[in-house]
Engineer: 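This is the structure, below, for whatever I ask next.
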Amino acid sequence: IAFLAQNGAENMALVEDDGLIAGTGANHTPMGLLSSGATTVDVEGSTSNTISNTTSNAGSYPKIVNLLYNVPAQYESGSSWLMRRAIEGDVRALVDSNGRPVWLGGQESGFAGTPRTIMGYPVYNSDSVPNDGSDTNKVIVFGNFSNYIIVQRQAVTTTVLRERFADTDQTGIILSERVGGGC
(Lines give C-alpha, C1' and ligand atoms only; values in the text may rest on other atoms or scores of the structure.)
Protein backbone atom coordinates (compact mmCIF):
# COMPACT_ATOMS: atom_id res chain seq x y z
CA ILE A 1 0.00 0.00 0.00
CA ALA A 2 2.88 2.38 0.73
CA PHE A 3 4.18 1.85 -2.82
CA LEU A 4 0.75 2.66 -4.29
CA ALA A 5 0.44 5.80 -2.19
CA GLN A 6 3.95 7.01 -3.12
CA ASN A 7 3.73 6.11 -6.81
CA GLY A 8 0.20 7.48 -7.13
CA ALA A 9 1.16 10.76 -5.47
CA GLU A 10 4.21 11.17 -7.75
CA ASN A 11 2.18 10.50 -10.90
CA MET A 12 -0.63 12.83 -9.86
CA ALA A 13 1.90 15.58 -9.06
CA LEU A 14 3.43 15.28 -12.55
CA VAL A 15 0.00 15.49 -14.19
CA GLU A 16 -0.92 18.48 -12.00
CA ASP A 17 2.36 20.27 -12.86
CA ASP A 18 1.68 19.76 -16.55
CA GLY A 19 -1.87 21.07 -16.29
CA LEU A 20 -1.15 24.00 -13.97
CA ILE A 21 1.79 25.18 -16.08
CA ALA A 22 0.88 24.27 -19.68
CA GLY A 23 -2.84 23.40 -19.52
CA THR A 24 -5.12 25.04 -22.10
CA GLY A 25 -8.44 24.62 -20.32
CA ALA A 26 -9.55 22.06 -22.93
CA ASN A 27 -10.25 18.35 -22.37
CA HIS A 28 -10.62 18.67 -18.60
CA THR A 29 -7.25 20.38 -18.09
CA PRO A 30 -6.83 23.52 -15.98
CA MET A 31 -6.03 26.88 -17.54
CA GLY A 32 -2.28 26.77 -17.07
CA LEU A 33 0.06 29.59 -16.23
CA LEU A 34 1.35 29.74 -19.83
CA SER A 35 -2.21 30.04 -21.20
CA SER A 36 -3.37 32.67 -18.72
CA GLY A 37 -2.95 35.62 -21.08
CA ALA A 38 0.19 37.02 -19.47
CA THR A 39 2.32 39.43 -21.49
CA THR A 40 5.01 37.69 -23.50
CA VAL A 41 8.45 38.94 -24.51
CA ASP A 42 10.63 37.48 -27.26
CA VAL A 43 13.93 36.13 -25.88
CA GLU A 44 15.18 34.67 -29.17
CA GLY A 45 18.93 34.98 -29.48
CA SER A 46 21.52 35.09 -32.22
CA THR A 47 20.37 31.65 -33.43
CA SER A 48 16.75 31.50 -34.57
CA ASN A 49 14.22 30.40 -31.91
CA THR A 50 16.84 29.62 -29.24
CA ILE A 51 18.36 31.16 -26.13
CA SER A 52 21.77 32.09 -27.55
CA ASN A 53 24.35 34.78 -28.21
CA THR A 54 27.90 35.27 -29.40
CA THR A 55 30.68 37.62 -28.30
CA SER A 56 29.73 39.93 -31.18
CA ASN A 57 25.91 39.61 -30.85
CA ALA A 58 24.26 40.12 -27.43
CA GLY A 59 21.35 37.91 -28.58
CA SER A 60 19.15 36.76 -25.70
CA TYR A 61 20.99 38.54 -22.88
CA PRO A 62 19.36 42.02 -23.17
CA LYS A 63 15.98 40.43 -23.91
CA ILE A 64 16.09 38.43 -20.67
CA VAL A 65 17.05 41.59 -18.78
CA ASN A 66 14.10 43.37 -20.44
CA LEU A 67 11.80 40.50 -19.42
CA LEU A 68 12.63 41.20 -15.77
CA TYR A 69 12.07 44.95 -16.15
CA ASN A 70 8.79 44.56 -18.08
CA VAL A 71 7.12 43.28 -14.90
CA PRO A 72 5.37 46.23 -13.17
CA ALA A 73 7.12 47.35 -9.97
CA GLN A 74 4.21 46.35 -7.70
CA TYR A 75 4.56 42.70 -8.85
CA GLU A 76 8.36 42.48 -8.75
CA SER A 77 8.60 41.66 -5.04
CA GLY A 78 8.47 37.89 -4.57
CA SER A 79 9.11 37.20 -8.25
CA SER A 80 11.01 34.21 -9.56
CA TRP A 81 12.04 32.50 -12.80
CA LEU A 82 10.42 29.35 -14.16
CA MET A 83 12.02 27.39 -17.02
CA ARG A 84 13.22 23.96 -18.06
CA ARG A 85 16.54 22.93 -16.61
CA ALA A 86 17.99 22.78 -20.14
CA ILE A 87 16.87 26.38 -20.75
CA GLU A 88 18.52 27.46 -17.49
CA GLY A 89 21.71 25.88 -18.84
CA ASP A 90 21.33 27.89 -22.06
CA VAL A 91 20.79 31.10 -20.07
CA ARG A 92 23.86 30.40 -17.94
CA ALA A 93 25.86 29.76 -21.14
CA LEU A 94 25.27 33.32 -22.40
CA VAL A 95 28.55 35.24 -22.62
CA ASP A 96 29.69 38.86 -22.64
CA SER A 97 31.81 40.44 -25.37
CA ASN A 98 34.94 38.88 -23.83
CA GLY A 99 33.48 35.36 -23.85
CA ARG A 100 32.90 35.26 -20.06
CA PRO A 101 29.62 33.89 -18.68
CA VAL A 102 27.11 36.68 -17.98
CA TRP A 103 25.49 34.85 -15.05
CA LEU A 104 27.81 32.70 -13.02
CA GLY A 105 26.10 29.57 -11.75
CA GLY A 106 28.74 28.51 -9.25
CA GLN A 107 27.88 31.13 -6.62
CA GLU A 108 24.68 29.41 -5.52
CA SER A 109 24.82 25.72 -4.83
CA GLY A 110 21.14 24.81 -4.83
CA PHE A 111 21.91 22.79 -1.67
CA ALA A 112 21.06 23.55 1.96
CA GLY A 113 18.06 25.68 1.03
CA THR A 114 20.04 28.16 -1.08
CA PRO A 115 18.19 28.43 -4.40
CA ARG A 116 19.98 29.11 -7.65
CA THR A 117 19.34 32.66 -8.84
CA ILE A 118 19.53 34.78 -11.97
CA MET A 119 19.81 38.52 -11.35
CA GLY A 120 19.03 37.88 -7.67
CA TYR A 121 15.72 36.04 -8.27
CA PRO A 122 15.22 32.33 -7.56
CA VAL A 123 15.15 29.91 -10.50
CA TYR A 124 12.70 26.99 -10.53
CA ASN A 125 12.74 24.23 -13.12
CA SER A 126 9.88 22.26 -14.65
CA ASP A 127 9.77 20.05 -17.72
CA SER A 128 6.19 21.29 -18.22
CA VAL A 129 7.62 24.55 -19.59
CA PRO A 130 8.29 24.10 -23.34
CA ASN A 131 11.79 23.86 -24.76
CA ASP A 132 13.09 26.41 -27.26
CA GLY A 133 13.26 25.70 -30.98
CA SER A 134 9.79 26.95 -31.93
CA ASP A 135 8.86 30.60 -32.35
CA THR A 136 5.60 30.24 -30.40
CA ASN A 137 7.01 28.48 -27.31
CA LYS A 138 7.05 30.39 -24.04
CA VAL A 139 10.34 29.15 -22.64
CA ILE A 140 11.03 31.48 -19.69
CA VAL A 141 8.47 32.80 -17.22
CA PHE A 142 9.25 35.59 -14.75
CA GLY A 143 6.95 37.09 -12.18
CA ASN A 144 5.25 36.75 -8.83
CA PHE A 145 3.21 33.56 -9.11
CA SER A 146 1.23 34.17 -5.90
CA ASN A 147 -1.69 35.57 -7.94
CA TYR A 148 -2.10 32.26 -9.77
CA ILE A 149 -4.81 30.51 -7.80
CA ILE A 150 -4.96 26.71 -7.53
CA VAL A 151 -8.27 25.18 -6.47
CA GLN A 152 -8.88 21.57 -5.51
CA ARG A 153 -12.60 20.81 -5.79
CA GLN A 154 -12.68 17.46 -4.08
CA ALA A 155 -10.39 15.08 -2.29
CA VAL A 156 -8.55 12.35 -4.17
CA THR A 157 -10.88 9.47 -4.99
CA THR A 158 -9.85 5.88 -5.52
CA THR A 159 -11.59 3.37 -7.78
CA VAL A 160 -10.56 -0.28 -7.60
CA LEU A 161 -11.14 -2.39 -10.72
CA ARG A 162 -11.12 -6.07 -9.79
CA GLU A 163 -13.38 -7.59 -12.44
CA ARG A 164 -11.73 -5.94 -15.43
CA PHE A 165 -8.39 -7.65 -14.77
CA ALA A 166 -9.71 -10.84 -13.08
CA ASP A 167 -8.57 -13.13 -15.90
CA THR A 168 -4.93 -12.07 -15.32
CA ASP A 169 -5.24 -12.03 -11.50
CA GLN A 170 -4.51 -8.28 -11.40
CA THR A 171 -6.23 -5.31 -9.81
CA GLY A 172 -6.51 -1.89 -11.44
CA ILE A 173 -6.50 1.27 -9.35
CA ILE A 174 -7.61 4.68 -10.63
CA LEU A 175 -6.83 7.82 -8.64
CA SER A 176 -8.66 11.02 -9.60
CA GLU A 177 -9.22 14.56 -8.38
CA ARG A 178 -10.57 17.85 -9.69
CA VAL A 179 -8.02 20.64 -9.77
CA GLY A 180 -8.22 24.01 -11.48
CA GLY A 181 -5.99 27.02 -11.83
CA GLY A 182 -6.07 30.57 -13.16
CA CYS A 183 -5.23 34.21 -12.52
Engineer: Once rounded to the nearest 0.5 Å, what's the spacing between atom OG of Ser97 and atom CG of Asn53?
Structural biologist: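 Atom-to-atom, Ser97:OG and Asn53:CG are 10.0 Å apart.
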Engineer: Minimum heavy-atom separation for Pro122 to Ser79, with atom names?
Structural biologist: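 Distance-wise, the nearest heavy atoms are CD-O, 3.7 Å.
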Engineer: Can you tell me how far CG of Asn49 sits from CG of Asn131, rounded to the nearest 0.5 angstrom?
Structural biologist: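 Going from CG on Asn131 over to CG on Asn49, the span is 11.5 Å.
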Engineer: Could I get the full list of side chain to side chain contact (heavy atoms under 4.5 Å, CB included) partners for Asn57, not counting sequence neighbours?
Structural biologist: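 With sequence neighbours excluded, Asn57 shows a side chain to side chain contact (heavy atoms under 4.5 Å, CB included) to Ser46, Thr54, given in chain and number order.
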Engineer: Please identify each residue that fulfils side chain to side chain contact (heavy atoms under 4.5 Å, CB included) with Thr159, with sequence neighbours left out.
Structural biologist: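 By the side chain to side chain contact (heavy atoms under 4.5 Å, CB included) rule, Thr159 matches Leu161, Ile174.
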Engineer: May I ask you to check whether over 12 heavy atoms, not counting those of Asp169, lie within 6.0 Å of atom CG?
Structural biologist: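 12 or below, so no.
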Engineer: Does any non-hydrogen side-chain atom of Trp103 lie less than 4.5 Å from one of Val123?
Structural biologist: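 No, side chains not in contact.
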Engineer: Just to verify, what does Pro130 make a side chain to side chain contact (heavy atoms under 4.5 Å, CB included) with, not counting sequence neighbours?
Structural biologist: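 Pro130: side chain to side chain contact (heavy atoms under 4.5 Å, CB included) contacts with Leu34, Asn137.
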Engineer: Quick one, Ile51 and Ile140 - any side-chain contact, counting heavy atoms below 4.5 Å?
Structural biologist: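 They are in side-chain contact.
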Engineer: Quick one: list whatever passes ring pair (Phe, Tyr, Trp, His ring centres under 6.0 Å) with Tyr121, sequence neighbours left out.
Structural biologist: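 Tyr121 satisfies ring pair (Phe, Tyr, Trp, His ring centres under 6.0 Å) with Phe142 once adjacent residues are dropped.
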Engineer: Please evaluate residues Met83 and Ile118 with respect to the criterion side chain to side chain contact (heavy atoms under 4.5 Å, CB included), reporting the C-alpha separation (whole Å), side-chain torsions for both, the decisive distance (0.1 Å), and the verdict.
Structural biologist: CA-CA 12 Å; Met83 62 189 81; Ile118 294 176; 4.2 Å; yes
Engineer: Give me the atom names and distance for the closest heavy-atom approach of Met119 to Ile64.
Structural biologist: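 The answer is CE-O, 4.0 Å.
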Engineer: Please list every donor-acceptor pair under 3.5 Å in which a side-chain atom of residues 66-74 meets a protein atom from a residue at least two apart or in another chain.
Structural biologist:
residue: Asn66; atom: ND2; partner: Pro62; partner atom: O; Å: 3.3
residue: Asn70; atom: ND2; partner: Asn66; partner atom: O; Å: 3.2

Engineer: Taking a hydrophobic cluster as the set of Ile, Leu, Val, Met, Phe, Trp and Tyr residues connected by side-chain heavy atoms closer than 4.5 Å, whether directly or through intermediates, do Val156 and Phe3 fall within one such cluster?
Structural biologist: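 Same cluster.
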Engineer: Can you list the residues that meet the side chain to side chain donor-acceptor pair (under 3.5 Å) rule with Ser146, with sequence neighbours excluded?
Structural biologist: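 Checked Ser146 against side chain to side chain donor-acceptor pair (under 3.5 Å); matches are Asn144.
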Engineer: Under the salt bridge (charged side-chain N to carboxylate O under 4.0 Å, His left out) rule, what pairs show up with a residue in residues 37-50, not counting sequence neighbours?
Structural biologist: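 Those involving residues 37-50 are Asp42-Lys63.
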Engineer: If the condition is side chain to side chain donor-acceptor pair (under 3.5 Å), which residues does Arg162 pass it with, not counting sequence neighbours?
Structural biologist: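 By the side chain to side chain donor-acceptor pair (under 3.5 Å) rule, Arg162 matches no residue at all.
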Engineer: Does Asp17 have any side chain to side chain donor-acceptor pair (under 3.5 Å) partners at least two apart in sequence or in another chain, and if so, which?
Structural biologist: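 Counting only residues at least two positions away or on another chain, Asp17 forms no side chain to side chain donor-acceptor pair (under 3.5 Å).
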Engineer: Measuring from atom CG of Leu20 to atom CD1 of Ile150, what distance do you get when rounded to the nearest 0.5 angstrom?
Structural biologist: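 Result: 4.5 Å between the selected atoms.
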Engineer: Please identify each residue that fulfils side chain to side chain donor-acceptor pair (under 3.5 Å) with Thr50, with sequence neighbours left out.
Structural biologist: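 Only Ser52 meet the side chain to side chain donor-acceptor pair (under 3.5 Å) criterion with Thr50.
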Engineer: Would you check, one step at a time, whether the test side chain to side chain contact (heavy atoms under 4.5 Å, CB included) holds for Leu82 with Leu33?
Structural biologist: CA-CA 11 Å; Leu82 176 64; Leu33 183 64; 4.0 Å; yes
Engineer: Restricting to pairs with a member in residues 1-16, which pass salt bridge (charged side-chain N to carboxylate O under 4.0 Å, His left out), not counting sequence neighbours?
Structural biologist: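 Sorted result for residues 1-16: empty, none.
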Engineer: A quick test of your reading: do over 12 heavy atoms of other residues, nucleotides or ligands sit less than 6.0 Å from OH of Tyr75?
Structural biologist: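 No, OH of Tyr75 has 12 or fewer neighbouring heavy atoms, counting only those of other groups under 6.0 Å.
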Engineer: Between Ile21 and Leu14, is there a shared hydrophobic cluster once you connect ILVMFWY residues whose side-chain heavy atoms come closer than 4.5 Å?
Structural biologist: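 No: no chain of side-chain contacts under 4.5 Å links Ile21 to Leu14.
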Engineer: Between Thr157 and Ser176, do the side chains contain an N or O donor and an N or O acceptor separated by less than 3.5 Å?
Structural biologist: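 Yes, a side-chain donor-acceptor pair sits under 3.5 Å.
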Engineer: OG/Ser128 to CG/Asn125 distance, rounded to the nearest 0.5 angstrom?
Structural biologist: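 Result: 11.5 Å between the selected atoms.
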Engineer: Check whether Val102 and Val139 end up in the same hydrophobic cluster, where Ile, Leu, Val, Met, Phe, Trp and Tyr are linked by side-chain heavy atoms less than 4.5 Å apart.
Structural biologist: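 Looking at the clustering, Val139 is in the same group as Val102.
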Engineer: Any pair with a residue in residues 68-89 that passes salt bridge (charged side-chain N to carboxylate O under 4.0 Å, His left out), sequence neighbours left out, goes on the list, sorted by first then second residue, please.
Structural biologist: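 Every pair satisfying salt bridge (charged side-chain N to carboxylate O under 4.0 Å, His left out) with a residue in residues 68-89: Arg84-Asp127, Glu88-Arg92, Glu88-Arg116.
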